[in-house]
Asker: 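What follows is a single structure, and I will ask about it in a moment.
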Amino acid sequence: MSTDSLQNPTMDDIISLCKRRGFIFQSSEIYGGINGFYDYGPLGVELRKNIKDAWWKDMVHGREDIVGQDASIIMHPNIWRASGHVDSFSDPMVDCKESKMRYRADHLLWSAVRVDGEIIGYVSTLEGNDQQADAEKKAETLKRKAAKQGELGPIELKEYLEATPDIYELIPSPATGKPGSLTPPREFNMMFQTFVGALKDDSSVAYLRPETAQGIFANFKNILDTARVKIPFGIAQIGKAFRNEITPKNFIFRSREFEQMEIEYFIEADEDAWENYYHEWIKTRMAWHKAIGLKDDRLSTHVHPKDKLAHYSRACTDIMFEFPFGVQELEGIAARGNYDLTQHQEHSGKSMEYFDDQKREKYIPHVIEPSLGVDRTLLAVLCSAYTVEEVEDETRNVLKFAPRIAPIKAAILPLMKNKPEIVEMSKRIYKNLSLRHNVFYDQAGAIGRRYRRMDEAGTPYCITIDFDSLEDGTATLRDRDSMEQIRIPEGELAAYIDEKIYG
RNA sequence: GCGGGUGUAGUUCAGUGGUAGAACUCCAGCCUUCCAAGCUGGCUACGUCGGUUCGAUUCCGUCCACCCGCACCA
């Protein structure tokens with residue numbers, strides 16, 4: 001039987017399949033949907049759970065140096081002041097009414113233009129390498145147009161936020177070069193707000209967490225005191241996070257409610273210690289992505305240039321995946337120094353220091369943070385698994401999931417549904433296997449059709465019971481990818497599937 | 001937020017100012033010893049609200065959602 005892989009799937013292919021087979025639905029669909037939210041159906045929830053379980057098993061259970069936790073979604077609002085999210089997540093934006101361009105207010109720079117000390121107008125530019133040169137050039141032009149003689153004063157660029165309201169309308173739009181079209185800075189807060197308690201006032205404002213990481217830092221001391229951990233060690237967490245994105249897009253890739261799998265890995269505070277851990281984590285995480293079935297040739301890394309890093313950050317590498325809509329970030333691995341713990345020590349007034357028995361000294365540990373999106377990973381898994389093959393002039397849709405993360409591990413299919421003995425044996429096998437795996441029983445339709453149904457659900461094994469089974473106690477086990485069949489005694493089915501799933 | 005496009009069955013698409021049709025899927029039955037077979041029957045749709053009209057799925061507007069650009073993405 002010859003098989004050929006056809007071209008890569010488009011997002012439409014993926015979305016349509018997700019809907020058709022019950023992986024992912026638009027949230028609140030019967031009410032017209034809600035932008036940026038998605039629901040997981042019967043197959044989706046299994047796939048998602050398996051991905052999370054694989055991560056937890058490999059990163060927590062499979063390692064002696066990492067423990068888990070699960071912090072609440074709503075936490076003390078001061079956590080988000082300490083982390084910087086209250087300030088940095090509310091980016092003030094400026095719109096140009098003329099050109100319809102939108103700018104971050106801290107990226108839009110301006111300066112008064114003085115000739116012999118007298119203000120003759122304003123210039124604006126965008127943050128960038130040549131911002132000063134650009135502004136000075138514009139100032140020259142302005143001076144020439146105004147036909148002014150005299151000495152041009154120095155151009156001192158300031159952020160738009162530093163302008164007073166009466167100056168907003170004098171600053172020219174970078175797009176049009178003319179003043180009068182820029183709006184005042186407007187807040188776009190990315191954190192969802194709610195109120196804790198019955199009273200709706202400023203003192204009861206709380207936030208849905210925009211990341212899970214801070215819940216780990218906030219519990220650092222508790223875990224240090226109870227879990228008998230020693231540097232280096234990590235705390236892992238899987239949980240929902242919420243961001244009120246301006247523009248959610250690309251299906252579940254950027255949604256407003258999503259789930260993260262994060263580790264804060266605490267290490268010595270020496271300035272030269274972090275680099276080894278950092279590179280080790282990049283390797284570990286990259287290997288994990290390949291192990292759950294992401295296509296090797298679609299994975300890559302992106303190293304953040306030093307000048308783009310936050311001031312506290314030592315280094316950051318993203319693991320990228322080639323989605324149908326482009327190469328995008330899957331996971332970020334950041335060396336964050338001890339910024340977060342230090343911030344919480346300052347804001348909470350509680351010590352975040354660790355006493356190192358070996359070194360006989362106290363320090364605030366540094367941290368490496370591998371942070372991964374569950375939904376993005378799931379989408380990458382779907383993109384990697386989706387295969388269209390040509391089989392004897394028919395096309396076959398197959399999701400080639402690694403057996404470990406496949407939603408359904410095996411389907412039990414009686415070859416005929418109107419032969420009681422075959423049905424009885426099939427149900428017995430189904431019941432047995434269902435004790436340890438998510439298996440599926442299907443007796444409707446021709447056998448070929450049932451195989452194809454399972455192919456599109458990504459089920460790695462189909463077990464078929466026929467007349468021979470009644471005679472010799474074996475069943476046919478059909479492999480999803482090769483479509484080849486072998487006969488296995490009923491009693492060995494469970495062990496065979498175990499072996500394939502867990503290695 | 002802006003510009004453009006789209007919205008009819010589970011999916012992919014036809015079509016109409018007099019309330020709709022296909023293919024595949026799905027369900028039931030018959031048949032069938034292994035890769036979407038056949039036969040019979042069946043379920044299921046005009047995104048929302050409003051306007052025009054005797055009558056709107058169709059024309060117009062609104063909202064919602066999706067897609068493509070732009071901008072944004074700690």
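As a basis for the values below, the full set of heavy atoms in this structure was taken, side chains included, without hydrogen atoms, waters or symmetry mates. Keep in mind that what you see is a predicted model, and the values were worked out from it rather than measured. All chains are named by letter (A, B, ...) in the order of the sequence lines, taking the proteins before the strands, and each is independently numbered beginning at 1.
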Asker: Is any side-chain nitrogen or oxygen of A:R20 closer than 4.0 Å to OP1 or OP2 of B:U25?
Answerer: no

Asker: Start with the C-alpha distance between A:R453 and A:T459, add both sets of side-chain angles, then the distance that settles side-chain hydrogen bond (donor to acceptor under 3.5 Å, both in side chains), and finish with yes or no.
Answerer: CA-CA 9 Å; A:R453 270 202 285 253; A:T459 305; over 6 Å; no

Asker: Do A:T476 and A:Q485 have a side chain donor and acceptor closer than 3.5 Å?
Answerer: no

Asker: From the list B:C66, B:C34, B:A36, which nucleotide is the closest neighbour of the side chain of A:D466?
Answerer: B:C34

Asker: What is the nucleic acid contact for A:E29, judged by heavy atoms within less than 4.0 Å: base, sugar-phosphate only, or nothing?
Answerer: nothing

Asker: Counting just side-chain N and O atoms, does A:Y451 come under 4.0 Å of either OP1 or OP2 of B:A37?
Answerer: no

Asker: In terms of side-chain heavy atoms of A:R452, which of B:A65, B:G29, B:C35 is nearest?
Answerer: B:C35

Asker: Under the 3.5 Å rule, do the base of B:C72 and the side chain of A:T247 count as making a donor-acceptor pair?
Answerer: no

Asker: Can you check whether A:K19 has a side-chain N or O nearer than 4.0 Å to OP1 or OP2 of B:G10?
Answerer: no

Asker: Using only heavy-atom distances, decide whether a donor-acceptor pair under 3.5 angstrom links the side-chain of A:T395 to the base of B:A36.
Answerer: no

Asker: At under 4.0 Å, does any side-chain N or O of A:K249 touch on OP1 or OP2 of B:C72?
Answerer: no

Asker: Identify the pairs formed between an N or O of the protein and an N or O of nucleotides 43-45 of chain B at a distance under 3.5 Å, and give each distance.
Answerer:
none

Asker: Only pairs with both distances under 3.5 Å count, Watson-Crick or wobble alike; so what is the partner of B:A45 in this structure?
Answerer: none

Asker: Check every atom of B:A37, B:A65, B:U33 against the side chain of A:N35 and return the nucleotide holding the closest atom.
Answerer: B:A65

Asker: Which nucleotide in the list B:C35, B:C34, B:A65 gets nearest to the side chain of A:R478?
Answerer: B:C35

Asker: The side chain of A:T476 is closest to which nucleotide in this list: B:C35, B:C34, B:A36?
Answerer: B:C34

Asker: Please determine whether side-chain contact (heavy atoms from CB on, under 4.5 Å) holds for the pair A:D12 and A:I14, giving the CA-CA distance in whole Å, both sets of side-chain angles, and the decisive distance to 0.1 Å.
Answerer: CA-CA 5 Å; A:D12 283 346; A:I14 300 279; over 6 Å; no

